[in-house]
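Residue numbering restarts at 1 for every chain, and letters A, B, ... go by the order of the sequence lines.
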Amino acid sequence: MDKTFEPRAVEDRWRERWSELDAFAPRGSGAPYSIVIPPPNVTGTLHMGHAFQHTIMDALTRYHRMRGERTLWQPGTDHAGIATQMVVERNLKREGRSRSELGRDTFVAEIWKWKEHSHAIITSQIRRLGSSVDWSRERFTMDPGYERAVVEHFVRLHDAGLIYRGKRLVNWDPVLQTAISDLEVKQEEEDGHLWHLRYPLADGASYRDERGQSHDYIVVATTRPETMLGDAAVAVHPEDPRYRGLVGKEVVLPLCDRRLPIIADEYVDRSFGTGAVKITPAHDFNDYAVGQRHDLPLTNIFTASARIADTAPAAYRGLDRYEARESIVRDLQALGLVDRIEPHKLKVPRGDRTGSVLEPWLTDQWFVDLTRRQLTDGRPGGWTAITEPALAAVREGRIHFVPDSWKTTYFHWLENIQDWCISRQLWWGHRIPAWYDDEGNIYVARSEAEARTRYGLKPSLPLRQDPDVFDTWFSSDIWPLATLGWPDCTSELRSFYPTSVLVTGFDIIFFWVARMVMMGLYLGDEVPFRDVFITGLVRDPEGNKMSKSKGNVLDPLDVADGITLDALLAKRTSGLMQPAMAPKIAAKTRKDYPKGLAPVGIDALRFTFAALATNGRDIRFDAGRAAGYRNFCNKLWNASRFVLMNCEPAEAASAPTVGTAGAAGIASSLPDRWIRSRLQRVALDAARYFADYRFDLLARTLYEFVWNEFCDWYLELSKPTLSDGTPAERGATRGTLVEVLEATLRLLHPLMPFITEDIWQRVAPLAGKTGATIMLQPYPVADEARIDPVAEGDVEWLKAFVLAVRQIRGEMDIAPGRRLPVLLRNADDGDRERLARLQAAIGTVARVDPPRVLGPEEPEPPAAAALLGDMKILVPMAGLIDKDAELSRLDKLIARIERDLERNLQRLGNQRFIAGAPPEVVDKERARVAGQRSELATLTAQRERIRTL
RNA sequence: GGGUGCUUAGCUCAGCCGGUAGAGCAUCGCCCUUACAAGGCGGGGGUCGGCGGUUCGAACCCGUCAGCACCCACCA
């Protein structure tokens, strides 16, 4: 083995080998365990968040596979309608081409080309990460079988009365020129103005203001003066005394030569502005509702690109909405109709993809009814809305959120849900399976041919398919079903649905999780997954969200493989939407990664994600942490080298190598029993942490076991046996080394697949194990009979002994290599017995001569002292230890004990503590105080002795 | 306007059922001790955001305030 762990070579070797072995496919006849991948968008490449979630999913997959379950991790990718179309449009724009120029078919062909490109990158990234997905089952949301499922999905919902088409006010993106759903709208507070406009009263009516002054107009306040062209009324509150006499009268809409009624509606807030509101039903969601109540006409004044339409006065037609605003305000000012303009903060709706300001716009769209319709397919169980079973499933615990608190968010959204607009005026996506004849009749069916037979249409009747496509999420909400073969009742569907767990981010609980639950229950008659493990977001070192535009993204493979500062700078500053940001991005990058990133390898990257995966919280990616786990890999690598050097047949020729420790009458040494005992406890913990999705605690437990117990203590304790033990003793220790290392590799494998596989291949034969891959070996299960509290106690004693000597050595700056004499005072029988057994180990590990127990009357030489219970450990000072240094060390020790003792005495002096606390706590406290008192006495005496030298 | 989460060492974070605060990184000292200098050994470093309450005992439970973050919502 090389002296240092070189991740890349190891990764490449095993990735290929696993692929040859077809080891990722479900096998065996165990209980099924399945995870569907949240399909990455084919918009580009995987980011840190994907790598994070993949770590978790792969750890779960490998763990359950090793436990012998029939395990499937279903892979695939998502066509991601808007997102992908935008990427391709942007690329075209760079080449000076456009979507409209290409036409639909050519454009879609371009997107397919892009899809292949992005898909190739994504799948190679997934392979690099070691994700053990079953590639043979890979799906894409637009592959033919999936397409069929999406059509079936729509038709079934439609036939059950859960789909309708209608002219509604929707969120319209004038740049993309498509409707989007409520979820895709981001409301941001922005600085704007509140324009107070005077609308003249008709027929000589008048309005008296608070000060009794009479006006021939009323003032309405608006943040969007240009929408006045579409006004249908002015509304006041029914109980507003200021306007009581005006309700039912009319105003003259300036610039438009129209009369508008003054209406009364509870919607109006009397305290805002003047208490009078212009109502524009076709361009505002609230006004739309008011308009419905009062039967107001809908005047659509915008075109699809948010220019003024021909329904408006000629003067403004064709103007962009903001040009129109300026122009209208100018004209109103000229007429003296602008009362005043105030600065005002308002919520501006923007598309989460384009960032463009959205318009509420009146169009024909398809909706899923999530609120009010009765199902017409006679479904048993009292379905009222499709949301109800989805709420019940979580409420009744058939689906568990981890962390549990996310269910609140889920409930809140489903309980306040609106109908879902699923049609998009895009070219990339699933065409809606609906056909129209020339009279506008709609025929929904699985195909045009089916439409004709279903609705009895003549073959000659011309039909046009709806040009729109579905919202991406309308196809991904059946992902767990469709990837397993639905609508066919395949054996995969039967065994792997419901899936075991969904691992995803909180940002798509609404978009995806809730909708999958609804559709899974409706179409699949079962929840789509039992657990939902919600991960946090991966953020940059300052806690900012990672995004290309902020220039703070990291490619997970760059973390694994390392990247120079220059290359990272180039990646982050190229192809920016706002090139002006480049210097700022470069500066921040230089600050965060002054030397670029050193390679850490996939295993360390994965271990980092696991260790940071605490309780669903967002994580700040910490390159230092990753480097620490790279060191951990190296530690494991070198510990394995040590084991192999000492246990490989050539090295071990002089003694029995392995075999089961304890077999053949070989007595296990204390350290052997201790480390095996610890191993059982670790296996116990690991099982618990997997069950609880506590990957952070899992990682920490394994890290500490390997480093702090196996390496720091067990390997050191094995050395004297390996060099000086009898052949039988050596054989037993070799057996334990190999046995514990081999099991540890299996414990670690789900988190660190590559390094564990590579080492396991060399270690397994020594442990008498065979197998093509560690992946298919059983995950260690604790054997509680091998937990050995006596051995654990003995080793604790030994560690305390060694630490005491090391403390003296360290504080006195005595070279580690220098052997020290040690004398003992007050050793009781237990101490003597342990000493006899552990003398060799102590000698090697603490680098001391065999400790000698002083006789009762034997005088004590000047020495530095430490305590182990009542036993005093003495390191004679002669030629080694400076008197003042030892005095100050003792002072420090004494001060610390005094401080603690004082606090504890105070506690014991408290009657209510004695009376109120459980007796065992009080006893523990008493024992502690007694110990501290005696330590203090001994150390104080020791200090006096040294002082008087 | 509702809701959720967070605040612990210089930094990033653990801390389970309430019982004397932990890790990694950073820092200081001694060491190239044949598994590992990507290492070993030792040290220093915390009023657990503030205040109040419950309790024999609070980082942990309750209340409150402050700050930060996020989510939802139709106030022109």
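Remark: nothing in residues 534-543 of chain A comes within less than 4.0 Å of RNA chain B through any heavy atom.
By the side chain to side chain contact (heavy atoms under 4.5 Å, CB included) test, A/R617 is found to be paired with A/T614, residues two or more places apart in sequence or in another chain being considered. Remark: A/H193 engages A/W195 in a ring pair (Phe, Tyr, Trp, His ring centres under 6.0 Å) (not counting sequence neighbours). Here A/K3 pairs with nothing under the side-chain hydrogen bond (donor to acceptor under 3.5 Å, both in side chains) rule; sequence neighbours left out. Under the side-chain hydrogen bond (donor to acceptor under 3.5 Å, both in side chains) criterion, A/R912 pairs with no residue at all, not counting sequence neighbours. The salt bridge (charged side-chain N to carboxylate O under 4.0 Å, His left out) search around A/D884 returns none, not counting sequence neighbours.
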Checklist entry - How does RNA chain B look in dot-bracket form if you count Watson-Crick and G-U pairs under 3.5 Å, write [ ] for pairs that cross, and put | where a base pairs with another strand? => result (((((((..((((.....[..)))).(((((.......))))).....(((((..]....))))))))))))....
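Among residues at least two apart or in separate chains, side-chain hydrogen bond (donor to acceptor under 3.5 Å, both in side chains) pairs with a member in residues 224-236 of chain A are A/Y199-A/D231, A/R224-A/E226, A/R224-A/E359, A/E226-A/R325, A/T227-A/K278, A/D231-A/K278, A/D231-A/T280.
Using the six-membered ring where Trp is involved, A/W707 and A/F632 have ring planes that are parallel, under 30° apart on the 30 and 60° scheme.
A distance below 6.0 Å separates the ring centres of A/Y410 and A/F401.
Judged by distance alone, with hydrogens and angles left aside, A/K3 brings no side-chain donor or acceptor close enough to the base of B/rC36 to form a pair under 3.5 Å.
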Any protein N or O atoms within reach of nucleotides 41-45 of chain B? Criterion: under 3.5 Å, listing atom names and distances.
residue : atom : partner : partner atom : Å
B/rG44  : OP1  : A/R896  : NH2          : 3.0

Can you name the atoms? Protein N/O to nucleotides 17-22 of chain B N/O, anything below 3.5 Å, with the distance.
residue : atom : partner : partner atom : Å
B/rU20  : O2   : A/R903  : NE           : 3.4
B/rU20  : O2   : A/R903  : NH2          : 2.5
B/rU20  : O4   : A/N904  : ND2          : 3.3
B/rU20  : O4   : A/R928  : NE           : 2.9
B/rU20  : O4   : A/Q932  : NE2          : 3.3

Sequence neighbours excluded and cut-off under 3.5 Å, please list the side-chain donor-acceptor pairs for residues 601-610 of chain A, or say none.
residue : atom : partner : partner atom : Å
A/D603  : OD1  : A/F754  : N            : 3.0
A/D603  : OD2  : A/I755  : N            : 2.8
A/R606  : NE   : A/L751  : O            : 3.0
A/R606  : NH1  : A/D58   : OD2          : 2.9
A/R606  : NH1  : A/L129  : O            : 2.9
A/R606  : NH2  : A/D58   : OD2          : 2.7
A/R606  : NH2  : A/P750  : O            : 2.9
A/T608  : OG1  : A/A604  : O            : 2.6

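Stacking of A/R806 on the aromatic ring of A/W713 is recorded, both the 6.0 Å distance cut-off and the 45° axial limit being met.
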Checklist entry - How does protein reach along nucleotides 71-76 of chain B, written 5' to 3' as B (base within reach of a heavy atom under 4.0 Å), S (only sugar-phosphate), or - (no contact)? => result -SBBBB
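When the side-chain nitrogen and oxygen atoms of A/K719 are compared with OP1 and OP2 of B/rU34, none of them lie within a distance under 4.0 Å.
Here A/C711 lies in heavy-atom contact (under 4.0 Å) with a base.
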